[in-house]
Amino acid sequence: MSNIHKVIQKVIQNNLIKEIRGEVYMAVHNQNMSVDTEVYADFCKYSEPKGIKFSSWLTIKMREFVEAEILIEEFVKNKK
């Protein structure tokens, strides 16, 4: 099973995906964050014209981070 399939399986097991009337919805977690004002302004300057939302971009980056950490864990585990 690939890493992404393992992540998806964990997401489903932890009820992070809900099915309502045949439609699949992602459950979301609201989190207050502190972001440098200049960095956020620069992000908005370049992302808004492309229709990229901060929360969507952050979610993708978090997924990339988790997938990389899973690969590292597996590498270390298999190395032993």
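Since the structure is predicted, the reported quantities are computational estimates derived from the model, not experimental observations.
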State which residue, out of Thr59, Leu58, Val66, fulfils the side chain to side chain contact (heavy atoms under 4.5 Å, CB included) condition with Met62. Leu58

Working note: Phe54 + Val35, criterion side chain to side chain contact (heavy atoms under 4.5 Å, CB included); need CA distance, chi angles, decisive distance, verdict. CA-CA 11 Å; Phe54 179 73; Val35 179; 4.0 Å; yes

Min side-chain heavy-atom separation Phe43-Ile52 under 4.5 Å: yes

Correct closest heavy-atom pair for Cys44 and Pro49 would be O-CD, 3.9 Å

Electrostatic pair Glu64-Lys61, nearest N-O below 4.0 angstrom: yes

Can you measure from OG (Ser55) to CE (Met33) and round to the nearest 0.5 angstrom? 10.5 Å

Is it possible for you to say whether Ile72 and Phe65 belong to one hydrophobic cluster, with membership spreading through side-chain heavy-atom contacts below 4.5 Å? no

